[in-house]
Asker: 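The structure is given below, and queries will be raised subsequently.
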2 protein chains.
Amino acid sequence: MAESAHGPRERMVFSAAQLIRRDGVTATGMRDVAAHATAPRGSLQHYFPGGKEQLVNEAVDWAGRYAGKRVARFLAGPATPTPSGLFAAMVRQWTDEYGTEGFAAGCPVAAATVDCAESVPSTREAAATAFATWTGPVARALTDMGVPSERAEPLATLMISALEGAILIARAEQDVRALTTVTRELGPLLDAAVEAEGEEGGGPQARGPRTRTR
Amino acid sequence: MAESAHGPRERMVFSAAQLIRRDGVTATGMRDVAAHATAPRGSLQHYFPGGKEQLVNEAVDWAGRYAGKRVARFLAGPATPTPSGLFAAMVRQWTDEYGTEGFAAGCPVAAATVDCAESVPSTREAAATAFATWTGPVARALTDMGVPSERAEPLATLMISALEGAILIARAEQDVRALTTVTRELGPLLDAAVEAEGEEGGGPQARGPRTRTR
DNA sequence: CGCTGTCTATGACAGCGGTCATAGTAGTGC
DNA sequence: GCACTACTATGACCGCTGTCATAGACAGCG
């Protein structure tokens with residue numbers, strides 16, 4: 001989460017995402033964003049002539065891309081990827097943050113959806129796109145691990161749904177319980193979706209993931 | 001969702017919940033609540049001397065109790081309850097609403113969490129309580145269906161997490177796809193948690209639920 | 001009648017929100 | 001030097017918010 005060394009424009013988008021995921025879209029003021037980014041207030045109307053709507057949308061876009069990149073980074077890691085391992089990695093990012101920095105913030109895409117889905121169509125679309133650019137890499141990763149293609153996207157949606165919901169509950173309870181719970185309960189189901197190599201049935205406790213195809 | 005025939009106080013709490021789940025907490029004004037409830041503005045400070053915070057908290061409480069009652073109503077229904085059936089019923093309430101009334105609104109507890117978890121401690125607690133008064137009945141229902149007691153609460157948390165997340169995605173996409181997906185993908189896992197009656201292993205495709213114990 | 005408590009009805013206020021308008025300051029090319 | 005663009009810097013405006021203050025309606029009751 002490096003934030004310096006980038007241009008003021010990027011910093012403002014990043015700061016917007018941070019503040020949005022903490023306080024929600026409506027409670028986040030433009031002045032707050034500029035201050036948080038240590039950027040001049042006048043730059044707001046310069047870089048974002050579309051006003052708050054544009055800034056929020058870009059923050060949501062950024063969050064979607066960021067989530068997608070996290071998936072790629074996990075796949076590039078040392079361990080042999082499994083579906084449950086991927087999901088655990090996605091969840092761990094949140095348990096880590098909540099462990100070290102407290103339960104101050106949630107997911108900016110969720111916040112944008114809650115606050116703007118009905119009132120700001122363009123932001124609603126940005127949120128949908130963000131979910132898509134997150135689901136895509138996850139589904140692709142699943143197929144690469146041997147999950148049948150027709151089940152990859154549904155399972156990716158399930159993973160993200162469970163994660164988003166668990167984030168909400170964890171924040172409300174100020175306890176990572178919900179997050180650890182969904183990892184534990186969903187892990188076996190995810191690994192069971194990997195097509196067994198020799199057998200035809202594909203039992204739920206099928207073991208290894210197929211080697212990645214690319 | 002009857003709204004008339006109740007006192008003005010109840011109507012205002014109900015209206016607050018409706019507006020909150022549509023526009024978020026911050027964007028919902030006190031005047032809007034009074035207008036939506038066709039209640040006099042002056043009654044706000046009379047019934048809710050604690051101001052907006054109190055009103056929001058009561059709306060969140062109401063939502064939690066409402067969700068709990070829905071579970072009870074499903075159990076009282078004609079069909080023999082199964083875990084997947086319960087989850088499907090919980091999800092169906094949302095697909096039905098989105099089918100008939102559009103994707104205008106989400107879950108008020110989620111909205112309160114997103115908007116107030118960091119800024120208003122009492123509302124954060126109210127949201128946690130709401131989740132608890134929702135998880136409780138679900139977990140109890142699961143044990144009554146034969147789910148081992150130590151797995152009932154984790155599974156209930158998983159169900160609610162997946163549902164909340166799917167609601168977010170469905171609203172963003174304006175499509176019930178995510179909701180139907182989580183039902184389909186999670187159903188088998190839930191039913192598999194029912195303890196088989198004769199066998200010891202309890203295979204994932206165990207069939208019937210145990211008859212309710214009370 | 002008068003008193004009391006519950007509820008209703010407005011008006012005002014202070015604060016903050018996003019946005020516009022305007023002016024200023026680099027920096028670059030010529 | 002000049003022109004031009006990119007960016008910064010403020011101040012003002014209007015609308016809205018939650019809250020407070022005050023006062024009115026209206027029952028129940030002795």
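Chain letters run A, B, ... following the sequence lines, proteins first, then strands; residues in each count from 1.
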Asker: Please determine if a side-chain N or O atom of A:S43 lies less than 4.0 Å away from the OP1 or OP2 oxygen of D:dC7.
Answerer: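 Negative; the distance criterion is not met.
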Asker: Find the distance B:F48:CZ to C:dT8:P and express it as a whole number of Å.
Answerer: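 Taking atom P of C:dT8 as the reference, CZ of B:F48 is at 11 Å.
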Asker: Could you give the CE-to-P distance, from B:M30 to D:dC16, as a whole number of Å?
Answerer: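 Value for this atom pair: 18 Å.
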Asker: Rounded to the nearest 0.5 Å, what separation is found between the CG atom of B:L189 and the CG atom of A:L190?
Answerer: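 Between atom CG of B:L189 and atom CG of A:L190 there are 9.5 Å.
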Asker: Quick one: B:R31 CZ to D:dT19 C1', roughly how many Å, whole number?
Answerer: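 Atom-to-atom, B:R31 to D:dT19, this comes out as 9 Å.
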Asker: Run the side chain to side chain contact (heavy atoms under 4.5 Å, CB included) check on B:V109 and B:W134 step by step: do they pass?
Answerer: CA-CA 11 Å; B:V109 186; B:W134 188 7; 5.9 Å; no
Asker: Any N or O donor-acceptor pair under 3.5 Å from the base of C:dG18 to the side chain of A:R41?
Answerer: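 Counting by modelled atom types and ignoring angles, no donor-acceptor contact under 3.5 Å is found here.
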Asker: Start at the 5' end of DNA chain C and walk down; is the nucleotide closest to A:Q45 or to A:T26 reached first?
Answerer: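 That would be A:T26.
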Asker: For DNA chain D, which ranges pair as stems of 3 or more consecutive Watson-Crick or G-U pairs, with both donor-acceptor distances under 3.5 Å?
Answerer: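 The stems that DNA chain D takes part in, listed by first number, are C:1-16 with D:15-30, C:18-30 with D:1-13.
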Asker: Taking CG from B:L44 and C1' from D:dG18, how many angstroms apart are they, rounded to a whole number?
Answerer: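 To the nearest whole Å, that distance equals 10 Å.
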Asker: Just to be sure I understand the rule, does A:T28 reach a base, reach only the sugar-phosphate, or reach nothing, if contact means heavy atoms closer than 4.0 Å?
Answerer: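 If one applies the 4.0 Å heavy-atom cut-off, A:T28 turns out to touch the sugar-phosphate alone, with no base involved.
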Asker: In whole Å, what is the span from the CG atom of B:L19 to the C1' atom of D:dG18?
Answerer: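 Those two atoms, CG and C1', are 16 Å apart.
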Asker: Relative to the 5' end of DNA chain D, which residue comes earlier, B:G51 or A:Y47, by the nucleotide with the nearest heavy atom?
Answerer: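 Checking each residue's closest nucleotide, the 5'-ward one belongs to A:Y47.
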Asker: Looking at D:dT8, D:dT19, C:dA9, which one has an atom nearest to any side-chain atom of B:P40?
Answerer: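 In terms of side-chain proximity for B:P40, the closest of D:dT8, D:dT19, C:dA9 is C:dA9.
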Asker: Which atoms form the tightest heavy-atom contact between B:V182 and B:A162, and what is the distance?
Answerer: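 Taking every non-hydrogen atom into account, CG1-O, 4.3 Å.
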Asker: With sequence neighbours excluded, tell me which residues meet side chain to side chain contact (heavy atoms under 4.5 Å, CB included) with B:N57.
Answerer: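 Side chain to side chain contact (heavy atoms under 4.5 Å, CB included) list for B:N57, sorted by chain: B:E53, B:S122, B:T123, B:A126.
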Asker: Expressed in angstrom and rounded to an integer, what is the separation of B:Q54 atom CD from D:dT19 atom C1'?
Answerer: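 Taking atom C1' of D:dT19 as the reference, CD of B:Q54 is at 14 Å.
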Asker: Could B:E185 and A:R151 be called an ion pair, given the rule that one side-chain N must be under 4.0 Å from one carboxylate O?
Answerer: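 A salt bridge links B:E185 with A:R151.
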Asker: Is B:E97 paired with B:R21 through a side-chain N to carboxylate O contact shorter than 4.0 Å?
Answerer: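 Salt bridge: yes.
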Asker: In whole angstrom, what separates B:H46's NE2 from D:dA25's C1'?
Answerer: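 The answer, rounded to whole Å, is 13 Å.
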Asker: Parallel, tilted or perpendicular: which describes the rings of A:Y66 and A:W62, with under 30° parallel and over 60° perpendicular?
Answerer: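 Correct class here is parallel.
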Asker: What is the separation between atom CG on A:D32 and atom C1' on C:dG18, rounded to the nearest whole Å?
Answerer: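 Value for this atom pair: 12 Å.
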